[in-house]
Asker: 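Have a look at the structure that comes next, please.
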Amino acid sequence: RDSEGRVTTIRCLYDPESRGGSSPDGRRVRSTIHWVSAPHSIPARVRLYDRLFLCENPTAQGGKLTDHLNPDSLVTLDGCRIEAHMADCVSEQVYQFERTGYFILDADSTPGNPIFNRTLPLRDSWEKIRRRQ
């Protein structure tokens, strides 16, 4: 990391034999990292929609409904990198972005400015929240 905490160097090993989660010698791979090559990608805007309220039933919590709004119900990420072939995406088609969720091309997208909206995260955290209560 540099003096401002930004990652400047990553050290890793690439094992092509473990692609797909297993290898011929029997090793089991716990996870696989996917990345997009910056020189071979295109920029995109990604909108991460989350639940509108901080609790499952805001009317049962008392107070005004607006007291329970989730300030992070929409997070917009600019400058994301996506694979170049995604420039030819079709609206209404659902795409899975690795480890993030399912996305659809936004109607506001243009050929030079793709915008994707998350329609469903891969994991719903309501059950975790419910277990903590």
Side-chain angles (χ1 to χ4, degrees):
R1 296 184 181 267
D2 65 12
S3 62
E4 295 178 20
R6 293 181 298 229
V7 175
T8 58
T9 304
I10 297 176
R11 292 184 183 94
C12 64
L13 297 172
Y14 169 62
D15 182 2
E17 297 294 320
S18 65
R19 184 174 179 197
S22 61
S23 62
D25 64 3
R27 287 176 293 137
R28 183 167 152 74
V29 178
R30 288 184 21 190
S31 65
T32 304
I33 296 173
H34 301 270
W35 75 88
V36 175
S37 166
H40 302 98
S41 64
I42 60 173
R45 173 177 286 171
V46 175
R47 295 177 180 149
L48 303 175
Y49 288 93
D50 199 354
R51 58 192 167 273
L52 184 58
F53 296 103
L54 294 170
C55 54
E56 190 172 2
N57 187 355
T59 57
Q61 301 297 317
K64 296 186 298 187
L65 198 58
T66 55
D67 293 340
H68 306 288
L69 288 175
N70 180 0
D72 297 320
S73 63
L74 172 59
V75 175
T76 301
L77 304 174
D78 288 312
C80 297
R81 305 302 295 187
I82 60 174
E83 295 181 22
H85 71 84
M86 297 292 288
D88 301 324
C89 285
V90 180
S91 62
E92 307 300 320
Q93 174 69 39
V94 176
Y95 300 92
Q96 181 180 350
F97 288 6
E98 294 291 335
R99 302 194 188 336
T100 308
Y102 296 93
F103 292 77
I104 191 164
L105 190 66
D106 190 273
D108 294 337
S109 290
T110 61
N113 184 29
I115 302 170
F116 288 90
N117 298 326
R118 181 172 64 186
T119 58
L120 184 69
L122 288 182
R123 292 190 182 132
D124 185 5
S125 58
W126 278 117
E127 189 58 36
K128 276 190 202 176
I129 293 168
R130 191 173 304 159
R131 277 184 275 179
R132 279 188 250 153
Q133 294 175 348

Asker: Over all heavy atoms of both residues, which pair between P114 and L105 is shortest? Give the atoms and the distance, please.
Answerer: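 Minimum heavy-atom contact is CB-CD1, 4.5 Å.
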Asker: Does E92, at its CD atom, have more than 12 non-hydrogen atoms belonging to other residues, nucleotides or ligands within less than 6.0 Å?
Answerer: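 No, not enclosed.
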Asker: With Y95 as reference, evaluate I104, I82, V90, T119 under the side chain to side chain contact (heavy atoms under 4.5 Å, CB included) test and give the passing residue.
Answerer: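 Looking at I104, I82, V90, T119, the match for Y95 under the side chain to side chain contact (heavy atoms under 4.5 Å, CB included) is V90.
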Asker: Whether the side chain of R45 engages the backbone of D78 through a donor-acceptor N/O pair (distance < 3.5 Å, no angle test) should be reported.
Answerer: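 Judged by distance alone, no pair lies under 3.5 Å.
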Asker: If you take all heavy atoms of C80 and V46, which pair is closest and at what distance?
Answerer: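 Shortest heavy-atom contact: SG-CG2, 3.8 Å.
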Asker: Over 60° means perpendicular and under 30° means parallel, so tell me whether F97 and F103 are parallel, tilted or perpendicular.
Answerer: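 The rings of F97 and F103 lie parallel, inter-plane angle below 30°.
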Asker: Please round to the nearest 0.5 Å and tell me the distance separating atom CG of L48 and atom OG1 of T76.
Answerer: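 Reported value, rounded in 0.5 Å steps: 8.0 Å.
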Asker: Would you say N70's side chain and R51's backbone share a donor-acceptor pair under 3.5 angstrom?
Answerer: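 Yes; judged by distance alone, with no hydrogens or angles, the pair exists.
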Asker: If you take all heavy atoms of D50 and D72, which pair is closest and at what distance?
Answerer: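 Closest heavy-atom pair between D50 and D72: CB-O, 3.7 Å.
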Asker: Return yes if some donor-acceptor pair links the side-chain N/O of R81 with the main-chain N/O of S41 below 3.5 Å, else return no.
Answerer: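 Side chain of R81 to backbone of S41: a pair is present.
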Asker: Is the number of heavy atoms from other residues, nucleotides or ligands under 6.0 Å of H40 NE2 greater than 12?
Answerer: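 No, NE2 of H40 has 12 or fewer neighbouring heavy atoms, counting only those of other groups under 6.0 Å.
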Asker: Would you check if the side chain of N113 reaches a backbone N or O of T110 as a donor-acceptor pair within less than 3.5 Å?
Answerer: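 Between the backbone of T110 and the side chain of N113 there is no qualifying donor-acceptor contact (under 3.5 Å).
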Asker: Can you measure from OG (S109) to CG (N117) and round to the nearest 0.5 angstrom?
Answerer: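 With rounding to 0.5 Å, OG (S109) is 7.5 Å from CG (N117).
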Asker: Could you give the distance from CG (L77) to CZ (R47), rounded to the nearest 0.5 Å?
Answerer: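 If I round to the nearest 0.5 Å, the distance is 11.0 Å.
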Asker: Checking side-chain polar atoms at under 3.5 Å, does N57 have a donor or acceptor matched by the opposite partner on T59?
Answerer: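 Checked: N57/T59 side chains pair up, N/O donor to acceptor below 3.5 Å.
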Asker: Same hydrophobic cluster for I115 and I42, using side-chain heavy-atom links shorter than 4.5 Å among ILVMFWY?
Answerer: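 As far as the 4.5 Å side-chain criterion goes, I42 and I115 are not connected within one cluster.
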Asker: Would you kindly confirm whether L54 and V75 end up in one hydrophobic cluster when ILVMFWY residues are joined by side chain heavy atoms under 4.5 Å apart?
Answerer: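 No, L54 and V75 fall in different hydrophobic clusters.
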